[in-house]
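Every chain is numbered from 1, with letters handed out A, B, ... down the list of sequences.
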2 protein chains.
Amino acid sequence: MLTKDEMDRVFAALSHSSRRDMLDLVRDKPGLSVGELASNFDVTRIAVMNHLKVLEEARLIVSERDGRSRRLYLNAVPIQAIYERWTDKFSAHWLDRMSLIKSAAEAAGKDTERTDE
Amino acid sequence: MLTKDEMDRVFAALSHSSRRDMLDLVRDKPGLSVGELASNFDVTRIAVMNHLKVLEEARLIVSERDGRSRRLYLNAVPIQAIYERWTDKFSAHWLDRMSLIKSAAEAAGKDTERTDE
DNA sequence: TTAACATGTAATTACATTATTACCTATAGA
DNA sequence: TCTATAGGTAATAATGTAATTACATGTTAA
């Protein structure tokens, strides 16, 4: 279980699409270096490092030094915690109420580009 | 499945802790009015409405008019989509690599205050 | 119709995040 | 050593988000 503060950091980290992309890349190439990671983005290496810092402070990415480079890895623990938050706290209720919610959505005409997804 | 743009809106909406709290409240009292929701927060009603707008644009909350008030409901669909993203795209890999990731984290000494060696 | 109420919009200000340039540190290998 | 390389830090500019006050719209009930 994460503290409220850790939860804040994880959600803040996930709120930027480049950072979500970074998680995808590190997942696909565990042990990727900072430079290799940065080469996948249009922004500067420094911008990527700033994002990396946010991800590391949220503990979504962990790293180990390897000579003059640094190897990056995904850390699943915070994601597991979020998964548990949603499933335990939300989904258990939400699933029970799915039909109510869906009908409410349709009645409100807010969900109308596609009435069925 | 959500578009990249819809995904952006959902993560952005979830990034603010007041908005996550609002989801909890609406889940617990489906059909809650805007004013009732606002009474749970220290900020102004307008600030709450701004948050509400973000949540509605992310389709995490839907609403129906009821006379001069508005009833709010949770919409589980975007959460389901995220859940599927993480589980299909991330967790399947992450779970396979848990031990690798954990040992990497410990080697880097980034994941715990305790240096267990 | 009118008063009170519930909600909504606009414009502004304060604050936080993102991306940049310039500079600094540490390592591998000729 | 010296130099190219990989990474890291600091300060700042540009952009985006959050919260506010003031005003506007629409609904109920007397």
(request) Quickly work out the Glu56(A) CD to dT9(D) C1' distance and round it to whole Å. (result) 15 Å

(message) With a cut-off of less than 4.0 Å, is there a side-chain N or O of Arg45(B) near OP1 or OP2 of dT20(D)?
(response) no

(request) Please tell me which of Ala12(A) and Lys53(B) maps to the more 5' nucleotide of DNA chain C, matching each residue to the nucleotide holding its nearest heavy atom. (result) Lys53(B)

(request) Quickly work out the Met22(A) CE to dA19(C) P distance and round it to whole Å. (result) 11 Å

(message) Looking at every non-hydrogen atom in both residues, tell me the closest pair between Pro78(B) and Val10(B) and how far apart they are.
(response) CB-CG2, 3.8 Å

(message) So if I take every side-chain heavy atom of Arg68(A) and compare against dT20(C), dA22(D), dA28(C), which nucleotide ends up nearest?
(response) dA28(C)

(request) Tell me which nucleotide among dA19(D), dG8(D), dG8(C) gets nearest to the side chain of Val34(A). (result) dG8(D)

(message) With a 4.0 Å limit, can you tell me whether Arg19(A) has a side-chain N or O closer than that to the phosphate oxygens OP1/OP2 of dT18(C)?
(response) yes

(message) Less than 4.0 angstrom from a charged side-chain N to a carboxylate O is my criterion; do Asp24(B) and Arg19(B) meet it?
(response) no

(message) What I want to find out is whether Asp66(B) reaches Arg70(B) closely enough, with some N-O distance under 4.0 Å, to be called a salt bridge.
(response) no

(request) Would you kindly give the CG-to-P distance between Asp21(A) and dT18(C), to the nearest whole Å? (result) 14 Å

(request) Can you figure out which of dA19(C), dG7(D), dA22(C) approaches the side chain of Asn50(A) most closely? (result) dA19(C)

(message) On the nucleotide dT17(C), are OP1 or OP2 found under 4.0 Å from the side-chain N or O atoms that His51(A) carries?
(response) no

(message) Walk me through whether Glu36(A) and Ser33(A) qualify under side-chain hydrogen bond (donor to acceptor under 3.5 Å, both in side chains).
(response) CA-CA 5 Å; Glu36(A) 285 166 340; Ser33(A) 71; 3.2 Å; yes

(request) Starting from the 5' end of DNA chain C, give me the residue, Ser33(B) or Val54(A), whose nearest nucleotide shows up first. (result) Ser33(B)

(message) Using whole Å, what does the distance between atom P of nucleotide dT18(C) and atom NE2 of His16(A) come to?
(response) 5 Å

(request) Just compare dT7(C), dA18(D), dT20(C) and give me whichever is closest to any side-chain atom of Ala47(A). (result) dT20(C)

(request) Please check the phosphate of dT20(D) (OP1 and OP2 only) for any side-chain N or O of Thr44(B) closer than 4.0 Å. (result) yes

